[in-house]
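Presented below is the structure to which this report refers.
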Amino acid sequence: MILVTGGAGFIGANFVLDWIAATGEPVVNFDKLTYAGNLENLAALNGDARHVFFRGDICDRALVDALLTQHRPRAIVHFAAESHVDRSIHGPGEFMRTNVEGTFTLLEATRAYWGELADDAKEGFRFLHVSTDEVYGSLGPNDAPFTETHAYEPNSPYSASKAASDHLVRAWHHTYGLPVLTTNCSNNYGPYQFPEKLIPLVMANALAGKPLPIYGDGMNVRDWLYVGDHCAAIRAVLAGGRCGETYNIGGWNEMPNLVIVKTICALLDEMRPGAAGKYEQLMTFVKDRPGHDRRYAIDARKIERELGWRPAETFETGIRKTVRWYLEHQDWVAHVQSGAYREWVTKNYGARE
Ligand code: NAD
Ligand code: TYD
């Protein structure tokens with residue numbers, strides 16, 4: 001079996017569902033269930049013995065040791081993190097704790113466990129660290145997309161904490177020989193994404209007739225990838241990636257935020273026409289995010305060349321599926337928009353208006 005951390009969050013839950021459907025191999029899912037973790041994401045696995053869930057913190061060394069000793073995984077896929085840039089600006093402490101200290105704790109526990117394995121199990125073991133393209137910083141309009149050798153230039157507390165964790169993973173390979181793999185992926189979208197991130201936030205606000213907040217001039221560029229493609233890429237890296245290597249994962253799909261928001265509005269006009277007219281009318285320019293990275297773009301040729309992975313979805317097919325999913329899962333959206341979510345909206349958007 002494999003151990004997944006953060007498997008109740010957006011990408012982690014998609015990964016667990018995808019992994020069990022694709023491979024049938026059991027998963028032990030270890031997640032703290034912060035505001036971003038939600039067991040409803042995994043409801044399709046209720047009663048399925050191939051999924052075992054443990055609530056706990058990756059900073060808790062004794063608990064991680066006990067899990068490893070009890071379940072003896074052949075691999076660890078590490079998603080658990082604080083993941084939202086705006087939250088990292090309001091409160092960086094939790095990002096340092098989970099993303100840096102948590103990854104350190106996990107690496108140390110893994111090193112102890114791996115060191116005791118028999119030779120063939122030791123040889124086959126992998127620690128896959130899931131990271132982000134944001135560690136590379138911001139590109140100018142004519143710069144080439146990020147390759148795996150691009151310098152690390154993180155600009156937000158979130159990306160700095162992820163960069164630190166990437167460096168720890170690298171060092172544990174170089175110094176202790178731990179068989180690690182690191183993936184640096186671009187912005188994901190798809191089912192189960194928490195409505196604090198741009199795409200689900202725009203859908204939730206549009207359907208509620210609320211303003212669609214666009215930071216700055218709306219011309220910041222991200223490279224968007226459908227979450228199912230990210231899951232397939234992680235499976236490919238786990239199966240065939242070379243130890244100690246990093247793999248960039250992206251959708252070959254750079255788009256300014258304004259285009260993303262207008263595309264969602266047009267799909268909602270088509271699938272759920274609003275009584276008050278076109279959803280685009282709700283677009284509202286608000287005060288920019290401090291230190292807002294202008295452009296991210298991924299050069300995903302290495303993973304294609306070495307492992308044969310390419311995204312299966314185009315943005316057109318992926319965003320259509322995603323809008324349909326949100327329309328069909330309004331009860332999920334309503335549940336996650338709890339009291340704590342409303343407090344966040346006031347904190348992040350109240351001062352921008
Ligand atoms: P998310 O915020 O939706 O989920 C994070 C999960 O980790 C939650 O279930 C949460 O409960 C859990 N968690 C948080 N702190 C924990 C702790 N101390 N111990 C155990 N569990 C804890 O995040 P996501 O968007 O699914 O991202 C998953 C990973 O992928 C992160 O490492 C992120 O940096 C990376 N990533 C995300 C994107 C993206 O676009 N969302 C892109 C590239 C990389
Ligand atoms: P986000 O989904 O937070 O991802 P990240 O900052 O990790 O790339 O934001 C995506 C882009 O959308 C980013 O340029 C910031 C912008 N954005 C808005 O314009 N309005 C919003 O309300 C949010 C949450 C993001």
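Order of appearance sets the numbers: ligands from 1, and atoms from 1 within every ligand. None of the values given here were measured: they were computed from a predicted structure.
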query: Between K32 and ligand 1, is there a nitrogen or oxygen pair with a distance under 3.5 Å?
result: yes
query: Should R87 and E196 count as an ion pair when the cut-off is N to O under 4.0 Å?
result: yes
query: What residue and atom, counting heavy atoms only, is the protein's closest point to atom 2 (O) of ligand 2, and at what distance?
result: L198 N, 2.9 Å
query: What about A80: any of its N or O atoms under 3.5 Å from an N or O on ligand 1?
result: no
- request: Verify whether the ring centers belonging to Y192 and W325 lie closer than 6.0 Å.
  value: yes
message: For K162, which part has a heavy atom under 4.0 Å from ligand 1: side chain, backbone, both, or neither?
response: side chain
field: For ligand 2, the portion of L201 having any non-hydrogen atom under 4.0 Å away
entry: side chain
- prompt: Which protein heavy atom lies closest to atom 4 (O) of ligand 2, and at what distance to 0.1 Å?
  reply: N187 ND2, 3.3 Å
field: Per-atom contacts, ligand 2 versus K197 - under 4.0 Å to a heavy atom
entry: 2 (O)
message: Tell me the contacting part of S131 for ligand 1: side chain, backbone, both, or neither, using a 4.0 Å heavy-atom threshold, strictly below.
response: backbone
query: Does ligand 2 have an atom that lies less than 4.0 angstrom from a heavy atom of Y349?
result: yes
message: Does only the side chain of A13 get under 4.0 Å from ligand 1, or the backbone, or both, or neither? Count heavy atoms.
response: neither
Residue P213 vicinity, atoms of ligand 2 by number, heavy atom under 4.0 Å: 18 (C), 19 (O), 20 (N), 21 (C), 22 (O)
- prompt: In terms of side-chain heavy atoms, does W19 have a donor or acceptor partner in T23 at a distance below 3.5 Å?
  reply: yes
task: Give yes if a backbone or side-chain nitrogen or oxygen of D31 is under 3.5 Å from a nitrogen or oxygen of ligand 1, and no if not.
output: yes
statement: One finds that the ligand 2 atoms under 4.0 Å from a non-hydrogen atom of H292 are 13 (C), 14 (O), 15 (C)
Ligand-residue contact atoms, ligand 2 with H84, heavy atoms, under 4.0 Å: 3 (O)
message: List ligand 1 atoms under 4.0 Å from G37, heavy atoms only on the residue side.
response: 8 (C), 9 (O), 11 (O)
- line: Atoms of ligand 2 under 4.0 Å from any heavy atom of I214, numbered from 1 in the order shown, are 19 (O)
message: I'd like to know if R55 pairs up with D31 as an ion pair, taking the criterion as any Lys NZ or Arg NE/NH1/NH2 lying under 4.0 Å from an Asp or Glu carboxylate oxygen.
response: no
query: Quick one: does D57 get within less than 4.0 Å of ligand 1, heavy atoms only?
result: yes
- prompt: Counting from 1, what ligand 2 atoms have a heavy atom of E196 closer than 4.0 Å?
  reply: 24 (C)
- request: Output, in order, the C-alpha distance, side-chain angles, deciding distance and verdict of salt bridge (charged side-chain N to carboxylate O under 4.0 Å, His left out) for D18 and R235.
  value: CA-CA 9 Å; D18 171 86; R235 274 195 278 115; 2.8 Å; yes
query: Would one find an N or O of N257, backbone or side chain, under 3.5 Å from an N or O of ligand 2?
result: yes
Side chain to side chain contact (heavy atoms under 4.5 Å, CB included) partner of Y296, the single match among L139, D133, V221, N220: D133
- request: Determine, for R222 against E254, whether the closest basic-nitrogen to carboxylate-oxygen distance falls under 4.0 angstrom.
  value: no
- prompt: What part of Y192, side chain from CB on, backbone N/CA/C/O, both or neither, has a heavy atom under 4.0 Å from ligand 1?
  reply: neither
- request: Run down the list A81, G6, S83 and name the one with the heavy atom closest to atom 5 (C) of ligand 1.
  value: A81
Contact (N/O only, under 3.5 Å) between Y215 and ligand 2: yes
message: Does H329 have more than 12 heavy atoms from other residues, nucleotides or ligands lying within 6.0 Å of its NE2?
response: yes
message: If we set the cut-off at 4.0 Å for heavy atoms, which region of L33 has an atom near ligand 1: side chain, backbone, both, or neither?
response: backbone
- prompt: In terms of the angle between their ring planes, are F194 and Y35 parallel, tilted or perpendicular, with boundaries placed at 30° and 60°?
  reply: perpendicular
task: Cation-pi check, R352 to Y215: give yes when NZ or CZ is under 6.0 Å from the six-membered ring centre and within 45° of the ring axis, no otherwise.
output: yes
statement: Note: ligand 2 atoms sitting under 4.0 Å from heavy atoms of N220 are 14 (O)
message: List ligand 1 atoms under 4.0 Å from V130, heavy atoms only on the residue side.
response: 30 (O), 32 (O)
- prompt: Relative to the heavy atoms of E134, which atoms of ligand 2 are at a distance of less than 4.0 Å?
  reply: 5 (P), 7 (O), 8 (O)
field: Aromatic ring proximity H71/F54, centre distance under 6.0 Å
entry: yes
- request: Would you mind checking which non-hydrogen protein atom is closest to atom 9 (O) of ligand 2, with the distance to 0.1 Å?
  value: R289 NH2, 3.9 Å
- prompt: Under 4.0 angstrom from ligand 1, any heavy atom of C59?
  reply: no
field: Nitrogen or oxygen atoms of V85 and ligand 2 under 3.5 Å apart
entry: no
query: Are any of the N/O atoms in Y296 less than 3.5 Å from those in ligand 2?
result: no
